[in-house]
Enquirer: 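This structure is in structure tokens; I'll ask about it shortly.
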Amino acid sequence: FTRGIEVAAGRFNGDSRDDLAVSGGGEVRMFLSPAAAAPVASAPIKSFRPYGAAYTGDVSIATGDFGRFSGGRFVPTTDSMSEIVTGTGIGVRALVRTFDVTGVPTMVRQIQPIASSFTGGVSVATTRYKTGSLADDGIDDVIVGAGFGGNSVVEVYSGRDGSRLARAQAFAGLTRQQAAVHAAALTDASGNTDIYAVQGSGGFTSTNGVRRLGTLTGPQAQRNALAAPLRIAAIRK
């Protein structure tokens, strides 16, 4: 396999060590971090195809804590176990799916982001989104960045019910705004969430490769002179 992979860290077996989720060729594999000296076990504990056996394209991937199964249904809560969020690649209708992986990987939510006709691929990340008018409910939310041709749209969706919480065009005003977008979130001292977006690949280059979007409800700011393509992620402690 030579087409590249995506990786994300999560906790899949209930202990305090981060494990790995890896995606490539339409498949997601999960690897545990053992207590031994090796950082990650080399054999996957589970694998699944989030968009079916026929789909062999790219899969963006993230992990978050959204809930747990109880009484045969998925209940929004925090339980220190990670769910896996996936996004489609270029060439198919954009879909974001969340999977419970405590047993057989099971889809518990599907979101159609950006636009119903959009096929440029999406990136996914997770955060606990909070603004002055929207409280953090303790459950992770999902950030979606539009891929190539998506007008640099970034959206945030509730991890509790899948509703859209915010939407902005990250690089509005630039002559080159059709590159893929990747986003991550940081929480400030007041507990509010700021979204940072970067321009990814897609045939366009710009020296304004980074933008701080704030809460996506206020004015955009802070263009930094870094040339695209870029990727971004936040480290949680």
Side-chain angles (χ1 to χ4, degrees), residues 5-36 38-89 94-113 122-130 136-144 156-165 184-185 187 233-237:
I5 59 174
E6 298 270 347
V7 295
R11 295 181 178 179
F12 303 128
N13 65 347
D15 64 22
S16 60
R17 294 184 297 273
D18 281 338
D19 308 305
L20 285 183
V22 180
S23 67
E27 183 179 4
V28 175
R29 295 183 179 183
M30 299 161 56
F31 298 83
L32 291 184
S33 297
V40 179
S42 59
I45 60 163
K46 296 177 184 178
S47 65
F48 64 100
R49 291 187 170 274
Y51 300 102
Y55 180 76
T56 59
D58 293 338
V59 177
S60 58
I61 192 171
T63 65
D65 190 0
F66 302 102
R68 60 182 172 84
F69 269 114
S70 178
R73 64 189 185 94
F74 192 72
V75 179
T77 186
T78 56
D79 60 1
S80 299
M81 294 283 285
S82 297
E83 284 72 52
I84 292 178
V85 182
T86 65
T88 49
L95 292 175
V96 173
R97 291 176 173 175
T98 300
F99 290 84
D100 178 272
V101 293
T102 53
V104 176
T106 303
M107 185 178 71
V108 295
R109 177 169 294 132
Q110 176 172 285
I111 296 168
Q112 185 175 336
V122 293
S123 64
V124 291
T126 60
T127 184
R128 291 188 179 177
Y129 189 67
K130 177 184 176 182
D136 174 10
D137 62 5
I139 296 173
D140 286 341
D141 303 306
V142 177
I143 308 173
V144 181
V156 181
Y157 289 86
S158 168
R160 178 176 291 277
D161 59 17
S163 61
R164 193 173 74 189
L165 303 177
T187 302
I235 297 175
R236 295 189 187 184
K237 293 185 177 181

Enquirer: When you measure from the side chain of D65 to the backbone N and O of S80, does any donor-acceptor pair fall under 3.5 Å?
Expert: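 Present.
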
Enquirer: Within the structure provided, determine whether P113 and V122 are in side-chain contact (heavy-atom separation under 4.5 Å).
Expert: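 In short, these two side chains touch, coming nearer than 4.5 Å.
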
Enquirer: Step through the shown structure and confirm whether more than 12 heavy atoms of other residues, nucleotides or ligands are within 6.0 Å of CZ on R29.
Expert: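 Not more than 12 within 6.0 Å, no.
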
Enquirer: For R97 and P50, indicate whether the former's side chain and the latter's backbone hold a donor-acceptor pair under 3.5 Å.
Expert: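 Yes, the answer is positive, given that a donor and an acceptor are paired below the 3.5 Å cut-off.
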
Enquirer: Is V28 close to F99 at the side-chain level, that is, under 4.5 Å between some pair of heavy atoms?
Expert: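 No; the side chains remain at least 4.5 Å from each other.
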
Enquirer: Please walk me through it: do D18 and R11 pass salt bridge (Lys or Arg N to Asp or Glu O under 4.0 Å)?
Expert: CA-CA 5 Å; D18 281 338; R11 295 181 178 179; 3.0 Å; yes

Enquirer: Answer yes or no: is there a donor N or O on one side and an acceptor on the other, between the side chain of Y51 and the main chain of V59, under 3.5 Å?
Expert: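 Not confirmed, Y51 side chain does not pair with V59 backbone.
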
Enquirer: Can you name the nearest heavy-atom pair linking G138 to D136, along with the distance?
Expert: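 Here G138 and D136 meet closest at N-OD1, 2.8 Å.
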
Enquirer: Rounded to the nearest 0.5 Å, how far apart are CD of E83 and OG1 of T63?
Expert: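 So the gap between those two atoms works out to 9.0 Å.
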
Enquirer: For P105, does its backbone N or O pair with a side-chain atom of K46 as donor and acceptor, under 3.5 Å?
Expert: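 A pair under 3.5 Å: no.
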
Enquirer: With a 4.5 Å limit on heavy-atom distance, are the side chains of L95 and Q110 in contact?
Expert: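 Yes. Closest side-chain heavy atoms under 4.5 Å.
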
Enquirer: Taking T88's backbone N and O only, do any of them form a donor-acceptor pair with Y55's side chain (distance below 3.5 Å, no angle check)?
Expert: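 No: the side chain of Y55 does not pair with the backbone of T88.
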
Enquirer: Within a strict 4.5 Å, meaning less than it, do heavy atoms of the L165 and S163 side chains meet?
Expert: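 Result yes, sub-4.5 Å side-chain heavy-atom pair found.
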
Enquirer: Can we say R160 and D137 salt-bridge, meaning some charged N sits less than 4.0 Å from an Asp/Glu carboxylate O?
Expert: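 Salt bridge: yes.
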
Enquirer: Applying side-chain contact (heavy atoms from CB on, under 4.5 Å) to T98 and F74, what does each step give before you reach the verdict?
Expert: CA-CA 11 Å; T98 300; F74 192 72; 5.7 Å; no

Enquirer: Between I84 and I61, is any pair of side-chain heavy atoms under 4.5 Å apart?
Expert: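 Yes, close enough: below the 4.5 Å cut-off.
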
Enquirer: Would you give the length of the straight line joining atom CG of D58 to atom OG of S23, rounded to the nearest 0.5 angstrom?
Expert: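 With rounding to 0.5 Å, CG (D58) is 8.0 Å from OG (S23).
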
